[in-house]
Every structure is written in C-alpha cells, then in structure tokens.
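These notes are about the structure you will find just below.
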Amino acid sequence: MRTDTGQVFKLEDYRPSDFSIPQTGLTFRLSPDATRVTAVLTIERRDGAAASAPLVLDGDGLLLKRIAIDGRELAPADYLATPDQLTILKPPARFELLLETEIAPASNEALMGLYRSSNVYCTQCEAEGFRRITYFLDRPDILSVYTVRIEARLDEAPLLLSNGNPVESGALADGWHYARWHDPFPKPSYLFALVAGNLGQVADSFVTMSGRKVELGIYVEPGKEGLAGYAMDALKRSMQWDEQAFGREYDLDVFNIVAVSDFNMGAMENKGLNIFNDKYVLADRETATDADFANIEAIIAHEYFHNWTGNRITCRDWFQLCLKEGLTVFRDHEFSADQRSRAVKRIAEVRTLRAHQFPEDQGPLAHPVRPRRYREINNFYTATVYEKGSEVVRMIRTILGAETFRAGMDLYFERHDGEAATIEDFLKVFEDVSGRDLSQFALWYHQAGTPNLTVSSTHNPATREFTLEIEQSVPPTPSESRKRLMHIPLAFGLVGAGGEPVAYGGVEGAAVEDGVIHIRKRRHMVRFSGVDERPAVSLNRGFSAPITLSVEQKADDQFFLAGHDSDAFARWQAFNTLLTDALIAAFRQILGGAKPAFSARLTGLAGKIAGDETLEPAYRALALSLPGEADIARDIGRTIDPDAIFAARETLALAIARANQDAFANLYGRLADDGRFSPDAANAGRRALRNILLDYLSLLPGGASLAARHFEAATNMTDRAAALTVLAHRHDGSPEAVKALAGFEARYGADPLVMDKWFQIQASVPGPRTVDTVRELIGHASFSMANPNRVRSLVGTFSSANQTGFHRADGEGYRFFAQTVLEVEKRNPQVAARLATALRSWRSLEPGRQAKAREALLAIAGAENLSADLRDIVERTLA
Ligand code: PHE
Ligand code: ZN
C-alpha cells in the first residue's frame, strides 16, 4: 500500500519529461505468486533536455531483478532502485533499457496493477497502476507503441489478451503457451491491459463505415455467455452511433471486452481491450433490473467512446482528467438519449447530478472541474469531473448551436489526434470554429461551486413590458473564497395562459439568442417589450446550466407550469419544486411539533400526472418519485435531522396514496405485465410506473399482501426487486417481508451480483435497527470484504443511501462506519477512500449528530499508517 508522502501535485508545476519512450516491449511470464515482467524500453532524451539529466522512472512496490542498457548489465553505481523509483544516473541520449521485475498478482488486493480476479489475471493501470508492474515514466503524456508477449500455463490460462491486434501465438515447453499482441497506436501507460485465464467467449463482428470488418469479443466467466447478449448489442449500437453522430470510426481489427468480478470502478477503456466490472456486462431478465440494463448500455458506450475521446486524444496530465471523462460522459448521455427517451434521460441525468455532484460542490471536497492540485489522483474520479464536466460540454453546445459544436469536435479530432491535450486545446477549437470568446465561459472549468441565480419578475401592463431581474452568485468553496462572474447560458420560455409561447417585440439588458439568456454580469435587468399579459416564466429549460435557482414564483405559476410547460424537463422540474417546497414545509412543521398537512391541489396533481396518457409512463414514474431524503436535506441546507425529513416524506407519500387510492389501484391493474419481456425503454417505463404505484399502494391497508403478490407474480428482476424493496422498507419485520427475503436468498444465493441487490435492499431499510442488520450481514456467506461490489452494496448503500439508519442519533452508524472503512482500507485503499466520502456533508447535520460524525472522522484520521487515498479524503473532509 502506498502510504502518504504528503506531496501535493500542482498544475502549474507541469513540465514535459526529459525523456520519451517511443517503443515499449513487455514480456509476462505469468504465475500467481511470482510473475516475471521483462520490459524493453526504447528511450530517447528529448531535444532541449539537459545532457546531465538523470532518468527517473516511477515504481510502486517493485522488486528489480535485472537491469541492462543496450545489452550490458548495469553496475550498482550506475543506478538507484527503490520499490518506488528507479534512477539511472547518467543515461545515454538514446538507448534500450531492459528491466526485469517480479510481482505477485495473487496477493494484490488493492486491484491496481496486475492482479487476480476469480483465477483470471487482469490489470488496472489508470491512473498510476502501471508502475506496480514495471518502472516507467508513468504519466499520460508519455505515448509509446506497445508490443506484448504473454506466457502462461495452457491449463491455467488458455486465453491470452492484450491491447491492439493479435500477432502470433503458439505452444511452449512444459505445458506453457504464449501470445503476442501489437498495438500500433501510441498510448499512455494507463491504457495498457492484459488478461489471461479461462473465460467463455461471445463473438460477433461489426463492419465500419469505411467497410472494415472488426472482430468483437466479450469474455465472461465460463457458463455466463448467455448473459452477455445485451452488452454485445449495446456495443454494436455504440459503434454505429459514434460513426453517425461524431464521424468516428473504430481503428483496430479487434475489439475485446472482459468482465471480471473484482473491480474498483465501473469499467476501463484500455485500448482495444476494455475491462469491465461484471455487473456492467452480465444481464438477463431473471437477474438484472431495467436500471442495470440501462447502466450496461451507457457504460459499454462510454468505454467504447473513449477510443476517440481519451485514447486517440489523451490527457497531457491528470489535471486534465475531465478532458476525457466529462466529454465522454456527454457523449454517452447523448447516445442514451438517442436510444431511449431524451426527456426521461435528461431528467434522470439531472437527478443524478444533483444527488452526487451538488453535495460534492457544496461541501469540503469541492474542487473545480479541472482541479489545480491533488495529493491522490484516485480521489478525483468524481461527480464533478465526470458529471459536471459533461454539463460544461453541453453548455458549449448550447452556446454554439449543434452544428458549430460538431464542427468544433471535428476540428478537435483533426488537430489533436495522437496527442496528449489540455482543456485549453479543447476550448480553443470551439473559439476557432465559432469566432466566440470563451474566456469567461472557461471559468466553468476553473472555478468550483454551484452558481446560484436569483430571479424575480415584474409585468407592467401600461408599458407592455415584462422584466426579469436576474442576479448571479457563486458560493465560496475550499481555498476559493472570492469568485469571479460566470457566463451562464439560461434557456427560458415565456408561457401564456393557454400554454403557448408568448411572443415579444424586443429584448434588452442581456444577449438573448435562440431562447437562451446569456448571463455574464452580476445583475441583469432583462426587459421584454410588447408583452400584453403577465406570462409564466419557465427557467433553465432542459437544465441548460448546472446551477441552483432561487425564483420568486407564485404557486399558481408553478402549478400551471407543472401542467403545461412545453419543455418536458422544466415541466417535471416545476412539479418537483412543488413537492420539495411542500416537504420542507412539512419538515419544519414536524420539528415544531405540528402535524404536517398537504394541499389537495398538490396530491391531486400527482394523480393527474399518473393518469395522463399523453405522457410517457417513464416520465410519469419520474414525476411521482418524491425527492429523496438526501435531496430534501440538501435543499434545507443546515441543522439536518434525517428522522424529521423521513417523517415528512412518508407523510406526503401517504397523503398522495390516500388521495388517489382508486385511480392508482386501477392504473396499477391496467399496467399488469403480460409475461413478455423486453429491456427497451418503453417496456422499462411501464414497469417503472407500475412499481412506483405499488410503492404508494403499499402504504394503504393491505399493502403488505399486495406487495407480496407482486413479488410472487414477478417474471423479471425489476418487478421482483421492486416488490422486495417495498416489503423490506415499508413492512420491515412483517411475515411477508421475512418470507420474501428468505425466498430471494434461497433462489439467488449462488449468484453474487443478485445477492448484491439483497444486501442493498436490507442495508437501506430505514430506521435505527439497520446498523445491526448490516453488522450481521458482514458475516453472511455471500459477503466478502475483498470484493468491491459486495462492500459497496452492503456498506456503501448503508452509509450513502440510508439517511435514518446511517445517521442514527446515537452515532452508532458512524462508529460502525469508521471501523469498517479502516478494515476495507487494509486491503483496498481506493475503495475505502470512496466509502469515506459518505460523511462529506457532516457539517450540515444538527449539532448532536455533527459532533458524533466528527468523532468518527477523527477516529479514521488518527489510525496508524493511513493510506494516501484515505488520508486525503478524511483530512479535506475535516478541514
Ligand atoms: N477511466 C474509467 C472510465 O471510463 C474509470 C476508471 C478510473 C476505471 C480509474 C478504473 C480506474 O470512466
Ligand atoms: Zn470514462
């Protein structure tokens, strides 16, 4: 484990390396406890570098067995080797360096570098895992052409894969065999990959737009081939979509995907050899929910799209991470929007952004989309870099228009193909194609925090003028107390009494183009002339900017927009705002000892939306799903009492259920499943609507038996898991819940990915008893502290998705948490550090919980030999 050196890496310190490595040859002789790695590196001193400069290569826990330059073994005085660094004191200007290292994949539990997952050898090199394999200039601006030879025992590893195209393979003595791979595209070391083992294959092919045939392979645990069909289909659709939407064609003869069961993240875009967490590959109706199918589609696409945005054009340094991640998320969002329903997809994206990125941006871990400093880069694979990074790209398209945006992307690919680029390079192409100055806009990359717009409106019938008064502010974030003014593209609409767009004569006070107000100053008075009647204002349509809004809006207008806004996102937003406002009011009533009450107008509107056949079922399901407890907490902002929030939310759910009892029951019946199954968006939408209706109906008398029937009758995992959740969460301890949980366990006990759902459902049961359940489940036969998916399902769900359980008033949730994080850390610092972010909003809790949360954080911070990963998170959280 890498312990903390306290070193801070700074963007302004970037300078190119003195050396380049045009060619990298690697030979692996694989063995679980002693794998030999022979690296043959062609190294050149760069023009302009001092002739006296030593060569300093990165390592991480390495053992050097042999070192030679141009065939001559080095004398001990010529170099300095520690586990973490190799220095060659007087290297020639051009030479071939041979290095032999020995590593032990079987005992690698950090899952970085070369490790074993269910007896399969695999690698994970992003961000700095390659240095756990051999000494190297392990930084993304060192692009090298790789040739890889893998040797393994045929019985242990019949399949040998690496990046690029296969070159040759054959038998060796003593039951061993080998394969050679060559990747013609120069790439950074973080994109290197190797897989060796016994795996089942699903094969297919794809013909690119220029007529080249690409062999496609998805490799899974033997026997699971039947679960890879959806992933393969998603891959082919992704390849086709990237040709049509971005003109991007695949560039190798083969494209392989391998699913492994031990993986720190979702998946990895290694050139020509993507490695996936198996939960994002394996699916069928029996084992996967509709959400799983949608995730598989999106992540397969995401990794594939990296081939151009990330691999062909990579990042100069890790500060530029959003250059590949934000852009690639934007691309996968667009793909999913085209494959599914654009409106529904957009609402889901915004919900995710608010749930994960907003709290990050509003807490101690806030950082710009392009950070300026880091201690541990692993901790910057964040919602800010990914999701906000994607929103920033979306805003560029909003500002430029789709056509100019595409021209900019074309220029980006043309200008920077084969390079390691920066955010400045990226912005420049859009300035060049549009002639616009994006310097103020660039603050979206450089300045942390969620901007807020305060908006009020006035209408003057005498002058026929409608005025929007808009003021921007950006709250302070760690180490950025003073903020500069941003360029915020605010899409809007003026909506007339019949729902129609209101025409206006002219507008002054801000640039307004194509339904977008360009906010650039602190305060704008935007005057629309020729407006006879006061319109309702629909703001931030399509969520054109990742901001918060404080709008002085009459409830009448809000109800009107929730029923009539022609922008589907804004319409959803209007209803969601009404729900949030009602929930916050109820929260305050509960704290004041009063019983919360909800208007019939609000509960009635829920019923109207549920039954509105002009709306897609998936949209209606999203509208009916109440803001989450964490969403409500975020909007309240401080002195959070999760129990009162929970009570408010339950009361509103019950009020909606009671007010619409018959209509919901009726609709629920009509949506019944006909037994056929398709994972497509329309079918998934109907299931989502029916399952949210079940959620409401389960609150009424007879709810437990209704949910039990739903569970028994389910013909797919979506319905089964939804019913189990309702039973476990709303009828905890009931005979129906106990029976369903046991039945599920008996049926899926041998399938770890499905057992993850069983863990998740139990870890998120609201209330003070769940911490005990979770403690107990750690001892369950299906649980393992070494597997990231298991840890996230049980411990991660409890700490980040169970507000009343985790934030138990006596602090027991936090104590359990601190202890478990430290236990996970011993094996896997990266997973532990991510778990630890669950306490990042501790300062917004009420004082009692706040003190207890702080104690837990201090307990972690005080532990001995803390990893760089965990120390970085905990210290920033406490700062
Ligand atoms: N680069 C991966 C992606 O596509 C994420 C990842 C980061 C995976 C680090 C593993 C390690 O988003
Ligand atoms: Zn990515």
Side-chain angles (χ1 to χ4, degrees), residues 2 60 108 110-115 117 122-133 138-140 163 187-195 231 234-235 238 242 255 257-281 295-315 317-336 352 356-357 369 371 374 376-390 393 788-789 792 828-834 869:
R2 215 159 11 140
D60 183 358
N108 180 351
L111 314 184
M112 285 294 278
L114 178 68
Y115 65 95
S117 173
C122 64
T123 54
Q124 173 52 46
C125 293
E126 186 176 6
E128 297 177 337
F130 191 75
R131 61 184 68 181
R132 291 163 64 93
I133 295 173
D138 192 14
R139 42 187 284 173
N163 314 92
K187 65 168 176 288
S189 50
Y190 82 85
L191 291 174
F192 164 78
L194 169 158
V195 171
L235 172 61
S238 305
D242 211 16
F255 185 78
I257 289 175
V258 179
V260 299
S261 15
D262 302 83
F263 201 75
N264 284 348
M265 310 278 272
M268 179 63 212
E269 70 265 23
N270 317 298
K271 182 78 185 189
L273 178 55
N274 290 358
I275 298 181
F276 271 64
N277 185 326
D278 57 1
K279 91 184 250 201
Y280 296 122
V281 172
N295 282 332
I296 289 170
E297 178 179 77
I299 296 176
I300 291 272
H302 178 97
E303 305 311 330
Y304 174 73
F305 296 157
H306 267 314
N307 191 53
W308 275 96
T309 49
N311 301 4
R312 288 288 286 258
I313 304 178
T314 192
C315 302
D317 52 66
W318 291 120
F319 297 101
Q320 321 294 330
L321 185 57
C322 62
L323 178 70
K324 73 177 178 83
E325 295 303 349
L327 176 56
T328 305
V329 170
F330 171 74
R331 279 152 52 69
D332 84 56
H333 282 177
E334 283 300 292
F335 167 74
S336 294
T352 306
H356 300 286
Q357 201 276 327
V369 173
Y374 62 77
E376 177 49 66
I377 188 58
N378 288 335
N379 290 334
F380 284 81
Y381 289 81
T382 60
T384 297
V385 167
Y386 277 67
E387 265 72 36
K388 188 175 179 183
S390 164
V393 176
N789 286 354
R792 284 185 286 250
N828 193 325
Q830 239 183 85
V831 169
R834 194 161 285 257
D869 305 65

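These figures come from a predicted structure and were not determined experimentally. Note that ligands are numbered from 1 as they come in the structure, with each ligand's atoms numbered from 1 the same way.
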Run the ring-ring contact (aromatic ring centres under 6.0 Å, His included) check on F305 and F335 step by step: do they pass? CA-CA 10 Å; F305 296 157; F335 167 74; 5.7 Å; yes
Min side-chain heavy-atom separation N311-E269 under 4.5 Å: yes
Heavy-atom distances under 4.0 Å decide this one: backbone, side chain, both or neither, for A267 against ligand 1? backbone
Which part of E126 is near ligand 1, with near meaning a heavy atom under 4.0 Å away: side chain, backbone, both or neither? both
Closest protein heavy atom to atom 12 (O) of ligand 1, given as residue, atom name and distance to 0.1 Å: Y386 OH, 2.6 Å
For ligand 1, find out whether one of its N or O atoms is nearer than 3.5 Å to an N or O atom of Q124. no
Should Y381 be counted as touching ligand 1, given the test is an N or O pair under 3.5 Å? no
Less than 4.5 Å apart, side chain to side chain, heavy atoms only: is that true for N270 and Y190? no
Counting backbone and side-chain atoms alike, does E325 have an N/O/S atom under 2.8 Å from the Zn ion (ligand 2)? yes
I'd like to know if K324 contacts ligand 1, where contact means a heavy-atom distance under 4.0 Å to any ligand atom. yes
Side-chain touch M112/R131, heavy atoms, less than 4.5 angstrom: no
Y374 ring center within less than 6.0 Å of F319 ring center: yes
Quick check on the 6.0 Å ring-centre criterion: do Y280 and F263 meet it? no
